[in-house]
Amino acid sequence: MEFYVRVLRLTPFFHHDCVTDWPVEFDAVGGMQVQILRLSRELADRGVEQQVMTVGFPGLPRVRVDRPGLTVRVTRAPLPRLRSELTGLVGLNQAWLAAALSACVPLRRRWRPDLVHVHADGQLSALLVGPLVSRIVGAPYCITLHCSRLAVYEPMSRFDRMQHRLVHAVEQYALRHARRVSTLTARTADEVARLLPLDRARVDVLPDSVGDVRPVPVEEAEEYVRALGVPASVPVVGWVGRVAHEKGWRDFVAMARQWDAVSGAPGAVFLVVGDGPQGKRMREAVAAAGLADRFVFTGFLPHDAVPSVMTALDVLVMPSAHEELGGSALEAMVCGTPVAGYAVGGLRDTVGGVTPSLLVPRGDVAALARAAGDAVADAPRHRKTVDAALPGLLTAYGADTVDRALEHYRRALGHGSEGGAGWTP
């Protein structure tokens with residue numbers, strides 16, 4: 001049975017698919033942005049009224065109605081355009097936090113939410129916003145850990161390592177005072193509950209959804225990537241997502257450098273789909289390695305191009321430093337494409353549950369090249385394995401994820417089988 005609820009969604013990460021170009025300095029599109037947009041729309045279609053406060057960039061409307069019941073507000077204070085290799089712009093998340101707090105003051109008078117839903121990725125601003133906004137609007141908050149400092153996250157820079165202990169403590173505070181907590185995997189839910197300690201019954205597992213991503217006809221997919229500049233009759237090794245430190249782009253380039261010597265597979269072209277704060281560095285590293293003629297960079301592509309790209313790849317490579325779940329891996333496997341990567345975080349569950357032989361220890365570039373090469377050289381075996389896993393993937397990461405989110409809200413508001421505790425007005 002559906003129930004009516006107003007949700008204020010707070011996140012610096014949100015996919016604005018109303019535009020066809022995304023300025024890279026405002027942080028490129030990644031899986032988290034797409035997942036939050038997808039969840040918001042699915043909940044709106046089920047009658048959940050939502051206001052989203054998120055980061056935007058010049059040219060976007062400050063307020064837009066995405067669909068009935070879903071209003072998206074760009075909340076970002078002015079800031080100088082100083083480039084950052086972590087967030088795109090120096091202070092981008094802090095500018096979002098300041099603007100969101102300011103915007104909530106008048107909002108509480110004309111649209112008071114029943115629940116505040118915070119999406120956090122291990123950065124300070126998103127962890128602070130829940131406790132602060134819940135006080136302003138007089139509503140409890142729940143928090144989704146898309147990447148947890150306590151369980152998965154690894155610092156990305158010297159400054160990030162310096163503040164790691166502080167952010168670790170803030171995450172603990174935010175989780176303890178949340179009405180309910182959700183994680184993308186049971187592994188993280190168990191670890192968070194153990195470390196806090198926190199009643200495990202207050203932590204729900206809400207995995208990402210593959211949405212409507214499905215394979216497209218092979219001929220159509222190959223035609224699409226040919227139009228991007230990928231030559232015909234050559235294995236295609238793919239990278240899809242944000243070009244950022246934590247995604248391991250340096251190891252992807254290093255793997256490409258070793259491909260011919262150690263992969264055991266034919267010469268390949270390396271397709272990089274997406275952009276990010278370190279996109280320029282990646283291009284420079286490819287040129288310095290003498291691999292410019294083996295790489296194709298597409299930059300930002302609309303998310304509706306993902307099925308064509310994933311279907312056309314011979315293997316998707318994910319050399320991530322940390323990965324809470326690995327949405328790109330799920331999308332690739334749903335499209336029938338095997339995934340090779342490092343055995344970190346949620347990849348141990350997603351890829352590890354389908355093709356565990358394609359996961360290797362983090363940092364072992366030669367082993368990564370051999371695993372990806374095996375996926376190419378022995379394609380029929382690996383694709384058969386991936387195809388056999390499709391029903392299970394769709395059951396675990398398909399349409400019922402929105403039902404889990406609705407039950408999460410019911411519990412947070414005391415309507416479910418487990419009421420909420422931990423928030424004090």
Side-chain angles (χ1 to χ4, degrees), residues 3-14 36 39-40 43 48-55 62-63 70-77 79 91-146 148-150 163 165-183 192 196 198-199 202-204 206 405 408-416 418-425:
F3 76 111
Y4 178 76
V5 60
R6 284 183 167 184
V7 175
L8 174 59
R9 192 172 306 284
L10 301 172
T11 172
F13 308 99
F14 195 81
I36 296 172
L39 175 65
S40 301
L43 286 169
V48 177
E49 187 177 347
Q50 301 159 85
Q51 298 257 358
V52 179
M53 291 188 178
T54 189
V55 167
R62 301 292 291 185
V63 180
L70 178 56
T71 300
V72 179
R73 297 181 178 275
V74 172
T75 46
R76 176 178 54 82
L79 75 165
L92 183 60
N93 289 342
Q94 292 86 345
W96 164 77
L97 172 62
L101 295 176
S102 177
C104 284
V105 174
L107 182 70
R108 66 182 178 182
R109 291 193 293 268
R110 62 178 185 271
W111 191 88
R112 181 169 176 170
D114 302 299
L115 185 67
V116 177
H117 188 165
V118 177
H119 296 268
D121 73 331
Q123 300 302 317
L124 187 61
S125 297
L127 293 168
L128 287 171
V129 76
L132 295 173
V133 167
S134 70
R135 295 282 179 173
I136 293 173
V137 301
Y141 72 94
C142 60
I143 183 168
T144 296
L145 293 175
H146 294 262
S148 169
R149 285 267 178 174
L150 298 173
Q163 68 169 356
R165 185 173 298 179
L166 168 64
V167 184
H168 193 280
V170 173
E171 181 171 302
Q172 290 180 309
Y173 179 88
L175 297 182
R176 286 197 178 106
H177 289 79
R179 179 65 68 86
R180 290 196 74 82
V181 176
S182 62
T183 65
V192 165
L196 276 175
L198 185 71
D199 182 0
R202 282 181 55 206
V203 187
D204 298 316
L206 303 180
H408 180 68
Y409 290 165
R410 289 189 185 96
R411 291 173 176 175
L413 294 171
H415 301 311
E418 299 163 8
W423 178 79
T424 304

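Sequential numbering from 1 along the given sequence is applied to the chain's residues.
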Shortest non-hydrogen contact from [X] toward [Y]:
X: A120; Y: A126; result: CA-CB, 3.9 Å
X: V72; Y: T54; result: CG1-CG2, 4.1 Å
X: L39; Y: A405; result: CD1-CB, 3.9 Å
X: L413; Y: D114; result: CD2-O, 3.5 Å
X: H408; Y: V181; result: CE1-O, 3.6 Å

Would you mind reporting whether [Y] and [X] have side-chain heavy atoms less than 4.5 Å apart?
X: H146; Y: T11; result: no
X: V129; Y: W96; result: yes
X: L43; Y: Y409; result: yes

Give, for atom [atom1] of [X] and atom [atom2] of [Y], the distance between the pair rounded to the nearest 0.5 Å.
X: E171; Y: R176; atom1: CD; atom2: CZ; answer: 11.0 Å
X: C142; Y: D204; atom1: SG; atom2: CG; answer: 9.0 Å
X: L97; Y: L124; atom1: CG; atom2: CG; answer: 8.0 Å
X: T144; Y: I36; atom1: OG1; atom2: CD1; answer: 8.0 Å
X: S40; Y: H117; atom1: OG; atom2: NE2; answer: 9.0 Å

Carefully, step by step, assess I143 and L127 under the rule side chain to side chain contact (heavy atoms under 4.5 Å, CB included). CA-CA 9 Å; I143 183 168; L127 293 168; 4.0 Å; yes
Mark yes or no for whether [X], through its side chain, and [Y], through its backbone, hold a donor-acceptor pair below 3.5 Å.
X: R112; Y: G138; answer: yes
X: R202; Y: A178; answer: yes
X: Y141; Y: A174; answer: yes
X: Q123; Y: N93; answer: no
X: R108; Y: I136; answer: yes
X: S134; Y: G130; answer: yes
X: R73; Y: Q51; answer: no
X: R149; Y: G122; answer: yes

The residue among V52, V133, V118, L115 that forms side chain to side chain contact (heavy atoms under 4.5 Å, CB included) with L8 is V133
What residue among R179, H177, R180 forms side chain to side chain contact (heavy atoms under 4.5 Å, CB included) with P140? R179
Quick check on the 6.0 Å ring-centre criterion: do F14 and H119 meet it? no
